[in-house]
Amino acid sequence: MSLFRTARASTTQIVLPARRARARGREIRSTEARQQSVVWAAQRLRADLLSLMPVDVYRKVGTINVAVPTPPVLQVPSVWADGQPMTIGEWLGTGQMDLDGHGNTFGVIRAFDGLGRPAQIDLVKIDDVSCTIRDGRIVQYRIAGEKTDPRLVWHERQFTIPGFPLGLSPIAHAALTIAGSSGAQQFATDWFANGAIPSAHLRNVSMDIPDPGRAQAIKDMFLASTSAGEPFVSGKDWEYKPLAAKAAESGFLQQMEYTDVALTRFFGVPADMVDVQSSTGNVTYANVTQRNLQLLVMNLGGAIKRREDAVSTRILPAQRHAKLNRNAVLAMDAKTRAELLKMQIDSRQLAPSEARELEDRPPFTEEQLAEFDRLFGKGTDPIAALGAALSGGDTGTTETDAARDARAVAELIQKIYLGVGTVVTDAEAREIANRAGAGLASGGMPS
């Protein structure tokens with residue numbers, strides 16, 4: 001029986017994933033048909049990276065995003081059993097595998113909070129889901145054969161096409177574009193329901209078979225043998241060539257004979273990230289952060305935004321929105337991270353206490369501050385430090401931080417001095433210099 005059937009003239013029912021066939025007496029599903037390891041590797045990488053990102057919730061106050069407590073459903077959205085929670089990382093990763101494998105992920109909303117928003121979302125096997133489409137809208141879901149109200153179904157989709165309410169996997173979307181189909185909706189329907197290509201090819205390599213009846217008899221004999229798991233016995237010159245592994249995607253890949261590099265391109269994953277050697281060689285990055293930033297922005301940005309939008313619109317109340325914390329992916333090596341924090345502190349963008357908090361360290365204690373004073377002094381007059389450095393007091397091969405700061409202050413004072421009496425007053429010049437750390441006492445500018 002076909003998995004695509006017409007209920008009314010304008011109504012269709014689609015079962016996901018649609019392509020099924022039998023081998024040795026059992027069904028072969030698309031999840032068993034991923035014979036290209038690079039396809040699995042690309043999906044696994046994307047799912048793993050999504051699972052690393054905690055979900056932060058913000059409320060817009062004017063032009064500023066103010067962090068608010070994350071609701072429980074975005075910390076533990078589901079449970080496997082009593083006392084066995086399904087964390088948000090596991091939930092995001094599991095859903096991403098279905099999104100990249102089939103273009104859709106489904107769940108059942110089991111509970112609601114006081115605002116009528118989902119409080120528990122249990123993901124379901126995509127094999128158990130079918131839906132009825134009428135005039136480009138999903139009017140009914142069936143989960144494990146039971147009718148389910150669309151309002152109780154969690155449905156995320158990616159790579160959609162106009163007029164078709166189901167998503168496409170990256171490979172199906174690529175096939176649609178490459179095939180140049182004139183009817184995108186019909187192509188998508190055929191892809192889900194019937195598969196875009198035949199499952200196998202049985203031909204005689206030495207003679208033609210003009211009689212359709214004879215060809216049908218041969219096919220029936222062949223199917224009768226192979227469906228029971230028995231060997232097919234025939235005369236000479238027959239050749240059986242499987243075209244696909246009973247899933248439209250695997251068939252498309254095998255038919256087009258794509259390389260591993262081309263497959264990574266479908267999923268938006270750099271080849272070297274899944275141990276695939278590119279003919280152009282690997283791209284060299286200055287540090288780990290740049291590599292991860294390229295992956296995050298160019299390859300995962302769209303997927304992350306789609307998931308943020310789904311969570312924000314269906315789970316959170318109005319005026320609040322969710323953001324996946326991308327900093328979890330932008331991991332830096334220790335040296336780069338230390339340099340970044342120092343630059344932010346020196347430029348007054350970050351306080352030392354905030355930097356310690358980012359490093360999961362408690363604030364400085366009085367004993368630690370006293371130890372710093374004993375080792376490095378309680379502070380240095382920048383003008384005096386500059387004089388010591390220029391007079392040879394600094395025995396190092398490079399200027400100390402204090403000497404560099406003092407030099408900058410001295411150059412600033414020199415520039416200000418040229419404008420005293422014409423652009424600024426004595427008092428204004430003194431205030432500018434003191435803000436830069438000159439520590440000038442009241443009185444005139446130094447001559």
Side-chain angles (χ1 to χ4, degrees), residues 45-46 48-58 64-67 70 88-89 92 269-270 272-273 282-301 304 323-390 393-412 434-439:
L45 176 63
R46 289 167 59 90
D48 281 352
L49 291 176
L50 262 293
S51 68
L52 286 175
M53 302 180 189
V55 181
D56 299 327
V57 179
Y58 297 90
I64 300 175
N65 288 326
V66 178
T70 303
I88 187 64
L92 287 171
V269 173
D272 62 292
M273 284 286 191
N282 293 333
V283 180
T284 302
Y285 292 83
N287 52 49
V288 175
T289 305
Q290 289 186 7
R291 187 69 182 99
N292 291 344
L293 182 62
Q294 187 267 348
L295 176 67
L296 182 65
V297 175
M298 301 299 296
N299 303 110
L300 281 173
I304 294 172
K323 290 182 70 67
L324 296 182
N325 193 332
R326 294 158 172 79
N327 289 332
V329 177
L330 290 178
M332 305 182 206
D333 59 272
K335 181 175 182 293
T336 303
R337 185 173 180 84
E339 290 174 348
L340 174 61
L341 292 176
K342 183 180 184 305
M343 285 191 299
Q344 292 179 327
I345 293 173
D346 290 345
S347 61
R348 308 299 191 266
Q349 299 181 53
L350 194 70
S353 58
E354 293 175 313
R356 290 183 63 82
E357 184 178 351
L358 291 174
E359 292 290 295
D360 295 324
R361 296 181 180 181
F364 283 123
T365 63
E366 291 299 326
E367 290 77 10
Q368 289 174 319
L369 293 174
E371 184 176 349
F372 281 130
D373 289 342
R374 289 197 305 271
L375 293 175
F376 306 107
K378 290 188 176 182
T380 305
D381 183 351
I383 303 297
L386 177 60
L390 297 179
D394 181 15
T395 58
T397 57
T398 60
E399 288 184 341
T400 64
D401 289 344
R404 284 194 295 270
D405 292 343
R407 183 183 296 277
V409 170
E411 292 175 351
L412 174 65
N434 284 335
R435 286 184 180 180

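Throughout, residue positions are numbered sequentially from 1 according to the sequence presented.
- Scanning both residues, Gly89 and Ser51, for their nearest heavy atoms gives O-CB, 3.0 Å.
- Atom CD of Gln368 sits in a crowded spot, with more than 12 heavy atoms from other residues, nucleotides or ligands closer than 6.0 Å.
- Taking each heavy atom of Ser347 and Met343 in turn, the nearest pair found is OG-O, 2.8 Å.
- What you find for Ile345 and Pro352 is that their closest heavy atoms are CD1-CA, 4.1 Å.
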Practice task
Carefully, step by step, assess Arg326 and Ile304 under the rule side-chain contact (heavy atoms from CB on, under 4.5 Å).
Solution key: CA-CA 9 Å; Arg326 294 158 172 79; Ile304 294 172; 3.2 Å; yes
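- Taking CZ of Arg374 as the reference point, atom CG of Leu369 lies at 11.0 Å (rounded to 0.5 Å).
- Just one residue in the list Asn65, Val66, Ile64 forms a side-chain contact (heavy atoms from CB on, under 4.5 Å) with Tyr58, and that residue is Asn65.
- Using a distance-only test at 3.5 Å, with no hydrogens or angles considered, a donor-acceptor pair links the side chain of Arg356 to the main chain of Pro362.
- Put simply, CG on Leu300 and CG on Leu45 are 7.0 Å apart, with the number rounded to the nearest 0.5 Å.
- For the atom pair CG (Leu49) and CE (Met273), the distance works out to 7.5 Å, reported to the nearest 0.5 Å.
- The local environment of CD in Glu366 is sparse, with at most 12 non-hydrogen atoms from other residues, nucleotides or ligands closer than 6.0 Å.
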Practice task
In sequence, state the C-alpha distance, the side-chain angles, and the governing distance for Leu52 and Asn325, and then conclude on side-chain contact (heavy atoms from CB on, under 4.5 Å).
Solution key: CA-CA 9 Å; Leu52 286 175; Asn325 193 332; over 6 Å; no
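- For the atom pair CG of Leu341 and CD of Glu354, the computed distance is 11.0 Å after rounding to the nearest 0.5 Å.
- Taking CZ of Arg46 as the reference point, atom CG of Asn299 lies at 8.0 Å (rounded to 0.5 Å).
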Exercise for the section: Please test Asp56 against Leu324 for side-chain contact (heavy atoms from CB on, under 4.5 Å), starting from the C-alpha separation and ending with a verdict. Expected result: CA-CA 6 Å; Asp56 299 327; Leu324 296 182; over 6 Å; no
